[in-house]
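Keep in mind that this is a model prediction, so the values were computed, not measured. For the numbers below, each heavy atom of this structure counts, side chains included, while hydrogens, waters and symmetry mates do not.
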Amino acid sequence: NGSSSPYLGMTTCVQAGETAQQDLNVSVILPVAEANTATEKTILESLFHACGGLRWHRQDNWLISDDYCSWYGITCSASSKSVARIVLSSNNLRGTPPAELFNLPELKALVLNGNDILFDMQGIGNA
């Protein structure tokens with residue numbers, strides 16, 4: 001019988017042929033830098049899906065590479081790997097970009113001109 005701990009899983013091993021009978025209520029706590037990275041990637045993925053990313057003229061590396069800083073039109077700050085610029089001008093974006101874009105902590109430039117988008121300024125105060 002394993003004891004509970006603040007770590008994922010059990011602190012003791014289960015013998016071969018036995019089944020652990022312990023219910024785990026698991027929360028994953030990421031270090032701040034990893035949490036920000038996961039959040040920023042999720043926000044960019046939301047942009048891709050909300051604005052028809054599969055129809056974009058350029059979508060190099062989008063959703064293919066885990067390194068969102070290598071995605072076409074994305075520039076990250078050198079020091080923190082946070083999104084600093086999104087430049088997707090005349091790239092066939094359509095729809096409404098997610099308001100979460102304004103939650104990108106180091107976003108300095110958002111350039112989406114020349115696209116058929118409806119932009120909601122809700123959340124711009126977070127920028």
Side-chain angles (χ1 to χ4, degrees):
N1 190 11
S3 61
S4 58
S5 76
Y7 303 102
L8 182 62
M10 301 175 64
T11 57
T12 58
C13 296
V14 176
Q15 297 295 318
E18 291 182 1
T19 304
Q21 297 296 320
Q22 180 179 14
D23 291 328
L24 296 176
N25 183 5
V26 178
S27 297
V28 177
I29 300 172
L30 298 172
V32 173
E34 287 181 38
N36 287 344
T37 297
T39 301
E40 291 193 26
K41 184 178 179 197
T42 301
I43 291 170
L44 293 174
E45 289 170 344
S46 295
L47 172 64
F48 185 87
H49 294 297
C51 293
L54 293 176
R55 294 185 309 265
W56 292 358
H57 299 305
R58 298 278 311 266
Q59 52 180 281
D60 312 17
N61 291 328
W62 278 79
L63 308 184
I64 296 170
S65 172
D66 284 335
D67 178 15
Y68 56 85
C69 295
S70 71
W71 295 359
Y72 175 79
I74 304 300
T75 304
C76 294
S77 64
S79 60
S80 67
K81 195 179 173 172
S82 281
V83 176
R85 296 174 49 89
I86 300 174
V87 181
L88 295 169
S89 303
S90 301
N91 200 38
N92 202 35
L93 278 72
R94 296 176 184 266
T96 304
E100 291 82 15
L101 288 175
F102 298 124
N103 294 335
L104 294 168
E106 293 193 32
L107 186 65
K108 304 290 186 239
L110 178 60
V111 184
L112 302 174
N113 62 300
N115 292 294
D116 187 14
I117 58 173
L118 298 171
F119 210 85
D120 184 354
M121 294 297 181
Q122 181 179 349
I124 197 167
N126 297 332

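Using a 4.5 Å heavy-atom cutoff, the side chains of L63 and H49 are in contact. Side-chain contact between D67 and K81: present, with at least one pair of heavy atoms (C-beta onward) separated by less than 4.5 Å. Put simply, the side chain of I74 reaches to within 4.5 Å of the side chain of I86, judged on heavy atoms. Within the 4.5 Å cutoff, side-chain heavy atoms of E40 are placed close to those of P105.
Screening L104, L110, L101 for a side-chain contact (heavy atoms from CB on, under 4.5 Å) with V83, the sole residue that qualifies is L104.
Heavy-atom minimum distance, S70 versus N61: O-ND2, 3.0 Å. For the residue pair H57 and N92, the shortest heavy atom distance occurs at NE2-CB, 3.5 Å.
Ring geometry for F48 versus W62: interplanar angle under 30°, hence parallel rather than tilted (30 to 60°).
Y72 and L47 fall within a single hydrophobic cluster, where Ile, Leu, Val, Met, Phe, Trp and Tyr are joined by side-chain heavy atoms under 4.5 Å apart, directly or via other members.
Note that the CG atom of L112 and the SG atom of C51 stand 7.5 Å from one another [nearest 0.5 Å]. Atom CG of residue L44 and atom SG of residue C69 lie 8.5 Å apart, to the nearest 0.5 angstrom. Note that the CZ atom of R55 and the CG atom of N91 stand 12.0 Å from one another [nearest 0.5 Å]. The OH atom of Y68 sits 9.5 Å away from atom OG1 of T42, with the distance rounded to the nearest 0.5 Å. Residue D60 holds its CG atom at 12.5 Å from CH2 of W71, rounded to the nearest 0.5 Å.
With no hydrogens or angles considered, no side-chain donor-acceptor pair links S46 and E100 at under 3.5 Å.
By the neighbour-count criterion of 12 heavy atoms within 6.0 Å, atom CG of D66 is sparsely surrounded, having that number or fewer from other residues, nucleotides or ligands.
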